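Let me begin by presenting the structure, written as structure tokens, before commenting on it.
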Amino acid sequence: MIPVCEPSLIGNEKKYVMDCLDTNWISSMGEYIPKFEERFSSWCSTKHGVANSNGTTALHLALVALKIGKGDEVIVPTFTMIASCNAVIYSGATPVLVDSEMDTWNMDISKVEAKITKRTKAIMVVHTYGHPVDMDPLKDLAEKYGLYIIEDAAEAHGAEYKGKRCGSLGDIACFSFYSNKIITTGEGGMIVTDDEDLAERARLLRNHAFTPNRFTHEDLGYNYRMTNVQAAIGLAQMENADKLVQARIDNAARYNHLLKDVDGIIFPPKKAWARNVYWMYGILLDGFGMTKEKLMDELYRNGVQTRSFFIPMHKQPVYAQGGPDNYPDVSADLPVSEKLGETGLYLPSSSTLSKEDLVRVVEAIKKIKDTITLSS
Ligand SMILES: *Cc1c(COP(=O)(O)O)cnc(C)c1O
């Protein structure tokens, strides 16, 4: 079975983890944490990095550090992984959902202004599947209405908008290092920002809001710390970061080339201003002659694991059944995101996917496609 994604531990991961064990520094103090924070944040062209236990806690912490909470609204794309939306709910604020655009599969910026109210505090953008959001029109809006921009860059390590790194494009950005992300620490996340006060506040709240006067707490803090062991893996990953990103881009170029004569497949977007890092190589089926579910089943039988695209937030049972009053309004039709969710799937996308395995994936798709053509 070719997995849809697996970690690529190709460098000093084991050596650095063993160093943590040998020196007894296995918790959230130890030299790998500041080293990883420094290395990752400068790779993103940002000044400060605050490592977290995962990408979701990074998002929650970013919102809390910005003092966003009850009574506030945060604009979020409906087409995303649920953590983006949940983090807003955890903060006490209300997520306001916006539809996607076919051009980039990201939030449709032209639909954002209509959603801004007196309560709106921030716009959270998601660089979906590694393609950056068109930031310039968004920045104009944020400036006009005095809103923060939070980047959920969990899928966009190394991606660039007009030559600038994702993670450096707004007020604060959050990354995930979950095992399927381009850079992984197993579980993990990081906030990056140029704003020193914001970074300091995130650092404080990450660690129970401990003050120098040890057991006095002036804020409601959290335990969202990363361990030295996770950071050790992260630092080793950073030594190969450019390679891990480039491998994703090379995979996509190969898929695009080998699949170009197969009818009924829409390739992942790539705007001229974008460096898409293809976290996942996603395709849409359009006149392929078979449903997405059927193709996924057939591929599985041929030893190829795939995954369906996200189901939009306004279609999530958890929100539709109602709950706290800061659950998002799910009553609107958001047709582009629904179409993406219904017709999209992603193919094996690991940075260490071999050329041979990639060819096997393509051959399997072609074989399945031929059976439709023959039977019709
Ligand atoms: C993976 C991901 C997250 C959450 O990351 P975890 O580390 O799993 O908590 C958040 N947002 C997006 C867009 C993601 O893809």
Side-chain angles (χ1 to χ4, degrees), residues 55-56 59-60 62-64 66 68-129 131 133-134 137-138 140-142 144-152 154-155 170 174 266 269 282 284-286 291-293 307-346:
T56 310
L59 285 167
H60 182 205
L63 288 154
V64 177
L66 289 168
I68 290 170
K70 199 169 187 303
D72 298 333
E73 291 176 359
V74 178
I75 291 173
V76 180
T78 191
F79 186 71
T80 182
M81 193 268 199
I82 199 162
S84 322
C85 195
N86 278 349
V88 176
I89 294 172
Y90 302 157
S91 79
T94 304
V96 175
L97 305 174
V98 173
D99 202 6
S100 317
E101 57 172 19
M102 266 301 161
D103 262 23
T104 62
W105 302 349
N106 286 324
M107 181 159 72
D108 186 341
I109 307 305
S110 72
K111 299 207 171 109
V112 168
E113 191 164 16
K115 302 281 183 174
I116 296 172
T117 72
K118 282 200 295 276
R119 296 171 159 222
T120 311
K121 285 281 152 53
I123 306 168
M124 184 185 288
V125 291
V126 181
H127 307 295
T128 315
Y129 301 139
H131 192 294
V133 168
D134 189 5
L138 190 86
D140 291 345
L141 277 181
K144 183 171 164 192
Y145 292 96
L147 308 175
Y148 294 118
I149 296 178
I150 303 167
E151 293 178 77
D152 178 347
E155 305 176 358
C174 301
I266 297 174
L284 305 179
L285 298 188
D286 184 15
T291 65
K292 175 181 84 174
E293 288 73 21
R307 278 272 190 293
S308 174
F309 270 20
F310 302 128
I311 295 166
M313 294 305 105
H314 67 287
K315 293 287 177 193
Q316 293 295 341
V318 57
Y319 302 144
Q321 74 206 11
D325 59 11
N326 67 334
Y327 269 19
D329 174 7
V330 294
S331 61
D333 285 333
L334 303 169
V336 180
S337 70
E338 288 164 33
K339 179 145 176 107
L340 290 171
E342 281 158 20
T343 63
L345 69 148
Y346 46 86

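Please read these numbers as outputs of a predicted model, since none were measured by experiment.
- Residues Met102 and Val336 form a side-chain contact, since some pair of their non-hydrogen atoms from C-beta on lies under 4.5 Å apart.
- Here Asp108 pairs with Lys111 under the salt bridge (charged side-chain N to carboxylate O under 4.0 Å, His left out) rule; sequence neighbours left out.
- Residues passing the side-chain contact (heavy atoms from CB on, under 4.5 Å) test with Ile116, sequence neighbours excluded: Ile75, Val112, Thr120, Tyr145, Leu147.
- With hydrogens and angles disregarded, no donor-acceptor distance shorter than 3.5 Å links the side chain of Thr78 to the backbone of Leu97.
- The shortest heavy-atom contact between Leu284 and Trp105 is CG-CZ2, 3.6 Å.
- Within the 3.5 Å criterion, the main-chain N or O of Gly170 finds a donor-acceptor partner in the side chain of Glu151.
- Leu59 is listed as a side-chain neighbour of Met124, based on a closest heavy-atom distance under 4.5 Å.
- Leu138 is listed as a side-chain neighbour of Val125, based on a closest heavy-atom distance under 4.5 Å.
- For Glu113, the salt bridge (charged side-chain N to carboxylate O under 4.0 Å, His left out) partners at least two apart in sequence or on another chain are Lys144.
- Shown here are the salt bridge (charged side-chain N to carboxylate O under 4.0 Å, His left out) partners of Asp103, two or more places apart in sequence or in another chain: Lys271.
- Judged by distance alone, the side chains of Glu338 and His314 do bring a donor and an acceptor atom under 3.5 Å apart.
- Among pairs with a residue in residues 69-78, those fulfilling salt bridge (charged side-chain N to carboxylate O under 4.0 Å, His left out) read Asp72-Lys121, at least two apart in sequence or across chains.
- Partners of Glu101 under the side-chain hydrogen bond (donor to acceptor under 3.5 Å, both in side chains) rule, at least two apart in sequence or in another chain, are Thr104.
- Contact record, Met313 with Val330: O-CG1, 4.1 Å, taken as the closest heavy-atom pair.
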Output side-chain donor-acceptor pairs under 3.5 Å for residues 80-93, partner residues at least two apart or in another chain, one line each.
unit_1	atom_1	unit_2	atom_2	d
Thr80	OG1	Ser84	OG	2.8
Ser84	OG	Met81	O	3.2
Ser84	OG	Asp152	OD2	2.8
Asn86	OD1	Tyr319	OH	2.5
Ser91	OG	Val88	O	2.6
Ser91	OG	Ala93	N	3.2

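- Across all non-hydrogen atoms, the minimal contact from Ser308 to Gly341 is OG-O, 4.2 Å.
- Remark: Ile311 CD1 is loosely packed, at most 12 non-hydrogen atoms of other residues, nucleotides or ligands lying under 6.0 Å away.
- Residues passing the side-chain hydrogen bond (donor to acceptor under 3.5 Å, both in side chains) test with His60 are Tyr224, sequence neighbours excluded.
- Side-chain rings of Phe310 and Tyr129 approach one another, their centers coming within less than 6.0 Å.
- Screening residues 318-336 for salt bridge (charged side-chain N to carboxylate O under 4.0 Å, His left out), with sequence neighbours left out, gives no hits.
- The side-chain contact (heavy atoms from CB on, under 4.5 Å) test applied to Pro317 returns no partner, not counting sequence neighbours.
- Checking side-chain atoms of Asn106 against main-chain N and O of His127 turns up no donor-acceptor pair under 3.5 Å.
- Residues satisfying the side-chain hydrogen bond (donor to acceptor under 3.5 Å, both in side chains) test with Lys339, not counting sequence neighbours, are none.
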